[in-house]
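It should be emphasised that the depicted structure is a prediction, and the values quoted were computed from it without experimental measurement. Whatever order the structure lists them in is the order used to number ligands and atoms, beginning at 1.
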Amino acid sequence: MVKGIHDFFIADKELQKVPVIGPQKLAATLEGSKEFAKQFMFRHSIPTAEYFTATNENISDAFSFMERQKAPYVLKADGLAAGKGVLIIEDLVQAKEELKSMLAGKFGAASKKVVIEECLKGIELSTFVLTDGDSYLVLPEAKDYKRIGEKDTGLNTGGMGAVSPVPFASKEFLAKVEERIIKPTIEGLKKDSIPYTGFIFIGLMNVNGDPKVIEYNVRMGDPETEVVIPRLKSDFLEILEAVGKKNLKSKKSEFYDEIYTTVMVVSGGYPEEYKKNFEIQGLDQQFESVVFHAGTSLQQGKVITSGGRVLSVTSSGKDIKEALAKSYNTIKKIDFEGMYYRKDIGLDLI
Ligand code: AMP
Ligand code: GLY
């Protein structure tokens with residue numbers, strides 16, 4: 001999307017007929033450039049952390065900005081860096097060194113510019129919006145678990161599990177999110193003449209009851225999707241068609257009230273080096289869960305592992321405990337060599 005696949009469809013007479021859900025190139029810059037996103041938020045008074053955009057030319061001003069911040073120091077490569085471009089560093093001297101190395105090309109062209117941010121303190125969650133560029137639907141919020149280790153330790157991953165709804169996201173808090181963030185985002189896109197068709201994933205920090213934006217992504221999240229979309233009561237295809245026809249106004253969305261959890265089953269070693277091509281046993285049983293396939297492939301009738309994040313096991317229940325028990329029960333029936341999963345998804349929310 002950042003490279004302009006939607007624009008490619010629009011530019012072609014035949015392909016124009018195909019409705020595309022996903023933003024055009026300019027809109028995708030909200031994820032493709034942290035600086036672009038920050039400027040957008042400040043222009044439209046959307047609450048977010050203070051920032052300074054550092055380049056090799058203004059490094060002494062960048063250092064002064066850092067000196068005015070409290071530890072830890074948040075450094076973000078401006079461009080896309082496969083989810084690895086954000087560094088949070090306790091020590092000021094070390095943070096300055098890191099800034100220099102980022103500007104020198106640590107993340108290639110993505111870190112020629114670095115956005116330095118005020119560090120926000122609070123609990124994170126994600127909200128999701130679908131828009132046809134005019135009206136919007138708010139989808140359920142979710143919380144994901146990014147680190148490989150239990151109690152949020154170890155390396156960052158694409159996501160090890162997720163929960164929706166998020167118990168600490170009260171009605172009052174979500175109303176603030178809609179008024180202060182979602183509406184000004186949609187209005188801001190219109191004012192700036194940035195056409196947007198598709199999902200907006202808003203990463204938020206709950207700072208003492210007030211939402212602040214950490215980042216925009218121009219898509220759904222993984223594994224957030226595996227708990228958000230199953231909650232949808234309305235017909236998903238009809239909603240997507242309405243987006244394609246720019247007629248989303250006519251649609252309402254309804255969601256199940258149950259709690260949904262998903263637990264990611266990964267290859268041993270992930271997110272560092274891991275082995276693939278192990279046969280996955282046990283998939284042909286009855287489960288109380290939906291087992292989404294991610295890093296799998298079919299070879300001679302056998303399902304084998306083909307990636308780091310292999311399966312995402314989603315269940316629902318009247319509370320987090322019940323939903324989790326179903327997911328973990330399902331995982332116990334599945335096996336492949338070296339398989340690993342976190343046993344503490346959602347426990348901090350109980
Ligand atoms: P991002 O790629 O912008 O979502 O950043 C990755 C992670 O870094 C986020 O999920 C947060 O946990 C953390 N983070 C990013 N920006 C900030 C900030 N300004 N204050 C505190 N934590 C942050
Ligand atoms: N789970 C985070 C993401 O999809 O970016």
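The nearest heavy-atom contact from the protein to atom 16 (N) of ligand 1 is Lys76 NZ, 3.0 Å. Protein heavy atom closest to atom 14 (N) of ligand 1, with residue, atom name and distance, is Ile88 CD1, 3.9 Å. Arg219 NH1, 3.6 Å is the protein heavy atom nearest to atom 3 (C) of ligand 2. Among all protein heavy atoms, the one lying closest to atom 12 (O) of ligand 1 is Glu124 OE2, 2.4 Å.
Between Glu67 and Lys96, at least one side-chain nitrogen of the basic residue sits less than 4.0 Å from a carboxylate oxygen of the acidic one, meeting the salt-bridge criterion.
Note on ligand 2: Lys146 sits outside its first shell, no heavy atom being nearer than 4.0 Å. The shortest separation from a heavy atom of Lys121 to ligand 1 is not under 4.0 Å, leaving the residue out of contact.
Ranked by closest heavy atom to atom 22 (N) of ligand 1, the top entry among Met205, Glu50, Lys146 is Met205. The nearest non-hydrogen atom to atom 20 (N) of ligand 1, considering only Val207, Leu204, Leu120, comes from Leu120. Nearest to atom 4 (O) of ligand 2 by heavy atom, out of Asp222, Asn156, Asp144, is Asp222. The residue from Val86, Thr48, Asn217 that puts a heavy atom closest to atom 6 (C) of ligand 1 is Val86.
Ring-plane geometry between Tyr216 and Phe40 is classed as perpendicular, the angle between the planes exceeding 60 degrees on a 0 to 90 degree scale with a lower cut at 30.
Atom CG of Leu204 sits about 9.5 Å away from atom OG1 of Thr48, to the nearest 0.5 Å.
The neighbour count for Lys246 NZ, taken as heavy atoms of other residues, nucleotides or ligands under 6.0 Å away, is above 12. In Lys233, the NZ atom is crowded: over 12 heavy atoms of neighbouring residues, nucleotides or ligands sit closer than 6.0 Å.
Residues Tyr51 and Phe42 bring their aromatic ring centres within 6.0 Å. Phe65 and Phe52 have their aromatic ring centers within a separation under 6.0 angstrom.
Close approach to Cys119 involves these atoms of ligand 1, each under 4.0 Å from a residue heavy atom: 20 (N), 21 (C). Under a 4.0 Å criterion applied to the non-hydrogen atoms of Gly221, ligand 2 contributes the atoms 4 (O). Atoms of ligand 1 lying under 4.0 Å from any heavy atom of Ile214, numbered from 1 in the order shown and given with element: 3 (O), 4 (O), 15 (C), 16 (N).
Figure legend: Lys34 and Phe36 shown without cation-pi pairing, the cationic atom not lying both under 6.0 angstrom from the six-membered ring centre and within 45 degrees of its axis.
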inquiry  = Walk me through whether Arg219 and Glu31 qualify under salt bridge (Lys or Arg N to Asp or Glu O under 4.0 Å).
reply    = CA-CA 9 Å; Arg219 52 183 172 82; Glu31 179 167 352; 3.2 Å; yes
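Backbone and side-chain nitrogen or oxygen atoms of Gly158 are examined, and one is located within less than 3.5 angstrom of a nitrogen or oxygen of ligand 2.
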